2 protein chains.
Amino acid sequence: MSVYKVANMADITGLTPHTLRYYEKELLLLDVPRDSSGHRYYSEDHLAAVKFISALRATNMSIGTIKEYISLYRQGSNTSPARMSILKDHEHLVMKHLEDVKSSLKMIRKKIQRYEASLRVMP
Amino acid sequence: MSVYKVANMADITGLTPHTLRYYEKELLLLDVPRDSSGHRYYSEDHLAAVKFISALRATNMSIGTIKEYISLYRQGSNTSPARMSILKDHEHLVMKHLEDVKSSLKMIRKKIQRYEASLRVMP
DNA sequence: ACTTGACTTAGAGCGTACTCTAACACGCAT
DNA sequence: ATGCGTGTTAGAGTACGCTCTAAGTCAAGT
């Protein structure tokens, strides 16, 4: 298969049709064509784009920043350095986030261990 | 030092006084005493509690779940198993989240590498 | 011909976690 | 005594990212 209806995309990506249309309205998805009755159909390229957008969202990039990235993409290949810079900045934020979460997780595990110790003594 | 005013707590924890009062209103913080003019003062125990709550929030535990955890705490030491279970469930969610973020980060890094490759060839 | 189901739109509504406002109170320094 | 800084409250407002509603269109199956 190489073109998808909105429900197919939803199944594959785990997003809802509502969210896919919302992304399009917010200009995260460009040039989604329509069939004769006005229904969207998506290509493999759209699918790859949605998957990439999902990776950005899963790492908490805001819709606004993704929009900015896509807008640069739309402006042509001379914006590559700017787009790369957005991604690199984001990479650093994500690494920082991973460290934060790991250190919070350590704290939570310590607490769990204290529960385990106290329940061993006095269960 | 061993007691803190709201602004001290804010400085130490990185939260705002507004947020500290909000946490108290939401019953995440219990029994914050007041001085003669009605101003809150916090103990080391409160500080430790806020730090722990911040670790839970940093790992995206909802205010509602934290409230539930604190409510169990308030109900006495026989709720320890239930509290531990909340933390263990959360630990698994956080581990899952870390895996998700790492795999999204890999995808983002691949994209960055493609930008780097293309800018090496055609800068 | 009619129902069903999948789609369309603009725009409203929602959940979460803050974040701020407005009006007021207190204690200390000028 | 007056102003300033820091605190108090209830409740309103905000930002974000969806999520849903209502009314309608279309194509295919019975």
Side-chain angles (χ1 to χ4, degrees), chain A residues 1 3-29 31-43 46 49-70 90 93 97 100-101 104, chain B residues 1 3-29 31-43 46 49-70 90 93 97 100-101 104:
Chain A
M1 222 198 289
V3 319
Y4 307 98
K5 289 187 285 183
V6 69
N8 301 140
M9 285 290 276
D11 288 347
I12 297 169
T13 61
L15 302 176
T16 66
H18 281 303
T19 301
L20 286 165
R21 289 188 285 254
Y22 164 71
Y23 282 179
E24 191 179 338
K25 189 162 60 178
E26 291 297 320
L27 301 179
L28 311 188
L29 275 169
D31 308 319
V32 178
R34 310 306 180 90
D35 67 16
S36 58
S37 54
H39 294 194
R40 289 166 178 80
Y41 58 95
Y42 299 86
S43 68
H46 290 118
V50 171
K51 283 180 177 173
F52 187 61
I53 289 167
S54 293
L56 296 176
R57 288 294 305 125
T59 53
N60 205 33
M61 184 183 283
S62 71
I63 297 290
T65 304
I66 299 173
K67 191 191 293 197
E68 195 186 326
Y69 176 87
I70 299 293
H90 185 61
L93 285 179
H97 169 76
D100 285 355
V101 170
S104 295
Chain B
M1 219 200 289
V3 319
Y4 307 98
K5 289 187 285 185
V6 69
N8 302 138
M9 284 290 278
D11 287 348
I12 298 169
T13 61
L15 303 175
T16 67
H18 281 304
T19 302
L20 286 165
R21 290 188 285 255
Y22 164 71
Y23 281 0
E24 191 179 336
K25 189 161 62 178
E26 291 296 321
L27 302 179
L28 311 188
L29 274 168
D31 309 319
V32 178
R34 309 307 181 89
D35 67 16
S36 57
S37 54
H39 294 195
R40 290 168 177 80
Y41 59 95
Y42 299 86
S43 68
H46 290 117
V50 171
K51 284 180 176 171
F52 187 61
I53 289 166
S54 293
L56 296 176
R57 288 294 305 125
T59 53
N60 205 33
M61 185 184 282
S62 72
I63 295 290
T65 303
I66 299 173
K67 190 191 293 197
E68 195 186 327
Y69 175 87
I70 299 292
H90 185 61
L93 285 178
H97 168 77
D100 286 354
V101 170
S104 295

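Labels below follow one simple rule: chain letters A, B, ... track the order of the sequence lines, proteins then strands, and each chain is numbered from 1. Just so we're clear, the structure is a prediction, and the values are computed from it rather than from any experiment. Both backbone and side-chain heavy atoms feed into the values below; hydrogens, waters and symmetry mates do not.
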Student: Would you kindly give the OH-to-P distance between A:Tyr41 and D:dC26, to the nearest whole Å?
Tutor: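 Checked: the OH to P distance equals 17 Å.
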Student: Go nucleotide by nucleotide along DNA chain C from the 5' end; which of B:Ile63 and B:His18 gets its closest nucleotide reached first?
Tutor: B:Ile63
Student: Students often mix this up, so state it plainly: with edges at 30° and 60°, are the rings of B:His97 and A:His97 parallel, tilted or perpendicular?
Tutor: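 Ring orientation of B:His97 relative to A:His97: perpendicular.
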Student: Does A:Arg57 have a side-chain nitrogen or oxygen under 4.0 Å from the phosphate oxygens OP1 or OP2 of D:dC18?
Tutor: yes
Student: Give one of base, sugar-phosphate or nothing for B:Tyr23, where a contact means two heavy atoms less than 4.0 Å apart.
Tutor: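 Sugar-phosphate contact only - B:Tyr23 comes under 4.0 Å of backbone atoms but never of a base.
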Student: Looking only at heavy atoms, which two atoms of A:Ala55 and B:Ser104 are closest? And how far apart?
Tutor: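 Closest approach of A:Ala55 to B:Ser104, heavy atoms only: O-CB, 3.6 Å.
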Student: Of the listed nucleotides (D:dT6, C:dC18, D:dA27), which one gets closest to any side-chain atom of B:Thr19?
Tutor: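 So the side chain of B:Thr19 is nearest to C:dC18.
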Student: What contact category does A:Ser62 fall into here, base, sugar-phosphate, or nothing, at under 4.0 angstrom with non-hydrogen atoms?
Tutor: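 Sugar-phosphate contact only.
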Student: Whole angstrom is fine here: how far is it from CG in A:Asn60 over to P in D:dC18?
Tutor: 10 Å
Student: Establish, with yes or no, whether the OP1 or OP2 oxygen of D:dT9 is under 4.0 angstrom from a side-chain nitrogen or oxygen of B:Arg34.
Tutor: yes
Student: Rounding to an integer number of Å, can you tell me how far A:Glu24 CD sits from D:dG17 P?
Tutor: 18 Å
Student: By nearest heavy atom, map B:Pro17 and B:Lys25 onto DNA chain D; which one lands nearer the 5' end?
Tutor: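 Between the two, 5'-proximity favours B:Pro17.
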Student: What's the shortest heavy-atom distance between A:Asn60 and A:His90, and which atoms?
Tutor: C-CE1, 4.2 Å
Student: Only counting residues at least two apart or in another chain, list the ones meeting salt bridge (charged side-chain N to carboxylate O under 4.0 Å, His left out) with A:Arg40.
Tutor: A:Glu24
Student: To the nearest Å, how far apart are A:Tyr42 OH and C:dC7 P?
Tutor: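 Interatomic distance, OH of A:Tyr42 to P of C:dC7: 10 Å.
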Student: Is there a side chain to side chain contact (heavy atoms under 4.5 Å, CB included) between A:Tyr42 and A:Leu20 once you walk through the steps?
Tutor: CA-CA 11 Å; A:Tyr42 299 86; A:Leu20 286 165; 3.9 Å; yes
Student: Roughly how many Å is it from NZ in B:Lys5 to C1' in C:dC28, rounded to a whole number?
Tutor: 11 Å
Student: What is the distance, to the nearest angstrom, from the CZ atom on A:Arg21 to the C1' atom on C:dG11?
Tutor: 14 Å
Student: May I ask you to say what B:Arg40 touches in the nucleic acid, namely base, sugar-phosphate or nothing, with a heavy-atom cut-off under 4.0 Å?
Tutor: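 Sugar-phosphate, backbone atoms only, no base.
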Student: Output the rounded distance in Å from CD1 (B:Ile53) to P (C:dC18).
Tutor: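 Atom-to-atom, B:Ile53 to C:dC18, this comes out as 11 Å.
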Student: Between P on D:dT6 and CG on B:Asp35, what's the gap in Å once rounded to a whole number?
Tutor: 15 Å
